[in-house]
Amino acid sequence: MSSLGTQKNPLRAAIVGSGPAGFYAAEALIGSAPAVLVDMFERLASPFGLVRSGVAPDHPKLKQPIKVYQQIAESPQFRFLGNVTVGHDVSVKELKDCYHVVIFACGTQTDRTMGIPGESLPGSHAATEFVGWYNGHPDYRDLVFDLSHETAVVIGQGNVAVDVCRILAKTADELRHTDIAAHALEVLAQSRIRDIHMIGRRGPAQAKFTHPEIRELGELAECDPVVDPRDLELNSASREELADKRNRANIKSYEVLQAFAARPPSTRHRRCHIEFLKSPIELSGEGRLERVVLMRNRLEGEPSRQVARETGEIEELACGVLFRSIGYRGVAILGVPFDEARGVIPNRDGRVIDDGDVVAGLYVTGWIKRGPTGIIGTNREDSVLTVNSILADLPHLDVGARPGMDRLRALLEGRGSRVVSYADWQKIDAAEIRRGQPAAKPREKFTRLKEMLDVLGS
Ligand code: NAP
C-alpha cells in the first residue's frame, strides 16, 4: 500500500460541521503538501454554521468570511454533504471506516442554564433560541416570543447579550433591509418593549462585551443606553485591572460606559439599561414569567480573578420576557468522548482523547475543542493547529485506502437520506437571494428543510 497523502492514496478527511472552524480546517488541509480529499458533513441543508445563523442580521460585515468559505467549497478537493446528521444518519464508526481522519467542528449547539427556580417558566428563554429564531434557523422557526410586555431582561454581558438587546431595541425600519427572517421581523415590528435590562453578575471592568458592540447601543434610532454612574465606581482590584494595558479592550468598553452615564436623560421610545453586580436568583409569576428576583453582588479576589459574591441585598424587577445569555455548551455525539463538565470534546492539541489516551484518527477544532470563545478569525488559528497535529500524525495513521464519500453516499441514500450537495446549496442560495429582492433584503432565508428541498425539485 502506497503511503498516505499521495496521489494514489490521498488522505481522506471527513469534517463534521460547516461553520468557520470546519471551513478553516478544510482550507488548511487543502493548502497542505500531502494529497488530500475533504468531505464536509452538515446537519442542515445550508452551510456556514453560526456565520449564517448566529451573526446578527444587522452585522453584514461579519458575514463576509462566507466569501472565503465559498472559494474553499469550490476546490475540486472539497465536497459538501448537507442534511446529514453524524451520530444519527451515519455513525462515527461508519465515518471512521470511510475516512482516514474525522475532524469534529460541530460547535457548541446548546446553551448553559442558570440553575435557578422558575427558569423554565413561559417567557424565560435561552438567547441561543432567540438568535436562531431571528436568523431563520429551522430548529427555532416555530418558537413563540411574547413581546407584548414593556420590560425585557437579558442576563449576561457578552456580545450575544448585546446582540439580543440591540435586536430588541431596534425599530422595524432599522432591521427591514437586513437578512432577518420575515417571521421575526413581523413579531419585532409589533413589539411593545420599552425597557431592556442587560444584567451582569460582575462589574463594568469585567464585562465580556467588546467596545464596538457596546458602543452601537448608543447609536440606535429609538433607544438610549442608560448607565447609572454609581455602577461605574470601581474597587481597587478593578482599578488595577483597568490600569493594565493588556486589558485595553475592557478599558475601551469602560470609556463607552462612562460616555453613556454622562448622557442627558433619555427622551427616546426605548431604553437599554446596562446594569452590573446583580445575579438572578429566581424567576416567578402566575403560570408565566412576571418578575425576576436579583441578588446584589460585590466583587472579591485578586485583580483579573475577581468573582461575584452575594451581599444578601435583594431586589425585584417586573418583566414579561427574559433571555439568559450566559454562554453556549457542546452536545455529545454518540461514539465520541465528551467532557460533560466543560461541554467540549476532550483533546490534546486537537487530537481527541479518551481517559488520557489519544483516539487514533479523531480530531476536533473550534468551539467544541476549546469552548465558546473568540471571534470568527480565532477559529482559523485553532483549525491550523489541529491540521498541524494531523500532518504530524500522518506517518502513524492507518495507510489502508478509504472509500470516502462514494460508499458513504450510497449508505445514506440506501437509508432514504436526501444528501444536499454544494451545487444543491448554490441553487438554494440563489433562490434565497431572489426571494429577498422585492423587500430590498440581501436574502430571504428559507426556514424549513422542506422549502429548501422544494427548490431542488425533490
Ligand atoms: P461570553 O462572552 O462568554 O459571555 C457570557 C456572559 O455570561 C458573561 O457576562 C458571563 O459573566 C455571564 N455568565 C456566565 N455564567 C453566568 C451565570 N451563571 N450567571 C450570570 N451570568 C453569567 O459568551 P457569549 O456572549 O455567548 O459569546 C460567545 C463568544 O461569541 C464570545 O467570544 C463573543 O465575543 C463571540 N461573539 C462575538 C460577536 C461579535 O463579534 N459581534 C457577537 C456574538 C458573539 P462572567 O464574566 O462573570 O463569567
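Here the structure is a predicted model, which means the values were calculated and not measured. Atoms within a ligand are numbered from 1 in the order they appear, just like the ligands themselves. Every heavy atom of this structure was used, including side-chain atoms; hydrogens, water molecules and symmetry mates were not.
- In the model, Q206 has a side-chain atom that pairs as donor or acceptor with a side-chain atom of S238 under 3.5 Å.
- Counting heavy atoms under 4.0 Å from ligand 1, residue V55 does not touch it at all.
- Per-residue contacts place Q157 under 4.0 angstrom from the following atoms of ligand 1 (heavy atoms of the residue considered): 6 (C), 8 (C), 9 (O).
- Not a single heavy atom of S279 sits less than 4.0 Å from an atom of ligand 1.
- Assignment of G200 to the shell around ligand 1 is not supported, since no heavy atom sits closer than 4.0 Å.
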Might you work through the side chain to side chain contact (heavy atoms under 4.5 Å, CB included) test for I251 and K245, ending with a clear yes or no? CA-CA 8 Å; I251 299 168; K245 286 203 176 110; 5.8 Å; no
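- A donor and an acceptor atom, one from each side chain of Q306 and E241, are located under 3.5 Å apart.
- The shortest contact between atom 46 (O) of ligand 1 and any protein heavy atom is with R202 NH2, 2.9 Å.
- Using a 30° and 60° split on the angle between ring planes, Y422 and F80 fall in the perpendicular class, above 60°.
- For S148, the side chain to side chain contact (heavy atoms under 4.5 Å, CB included) criterion is met by D146, not counting sequence neighbours.
- Residue contacts with ligand 1 for I326 involve both N, CA, C or O and side-chain atoms from C-beta outward (heavy atoms, distance under 4.0 Å).
- Contacts between L62 and ligand 1 below 4.0 angstrom, taking non-hydrogen atoms only, involve the side chain exclusively.
- When ring centroids are compared, H125 and F323 come within the 6.0 Å threshold.
- For the pair W367 and ligand 1, the shortest N or O to N or O distance does not fall below 3.5 Å.
- Taking the ring-ring contact (aromatic ring centres under 6.0 Å, His included) definition, one finds that Y140 meets it with H137, sequence neighbours left out.
- Residue contact annotation: V307 has no non-hydrogen atom under 4.0 Å from ligand 1.
- Using 4.0 Å as the threshold, M114 has no heavy atom nearer than that to any atom of ligand 1.
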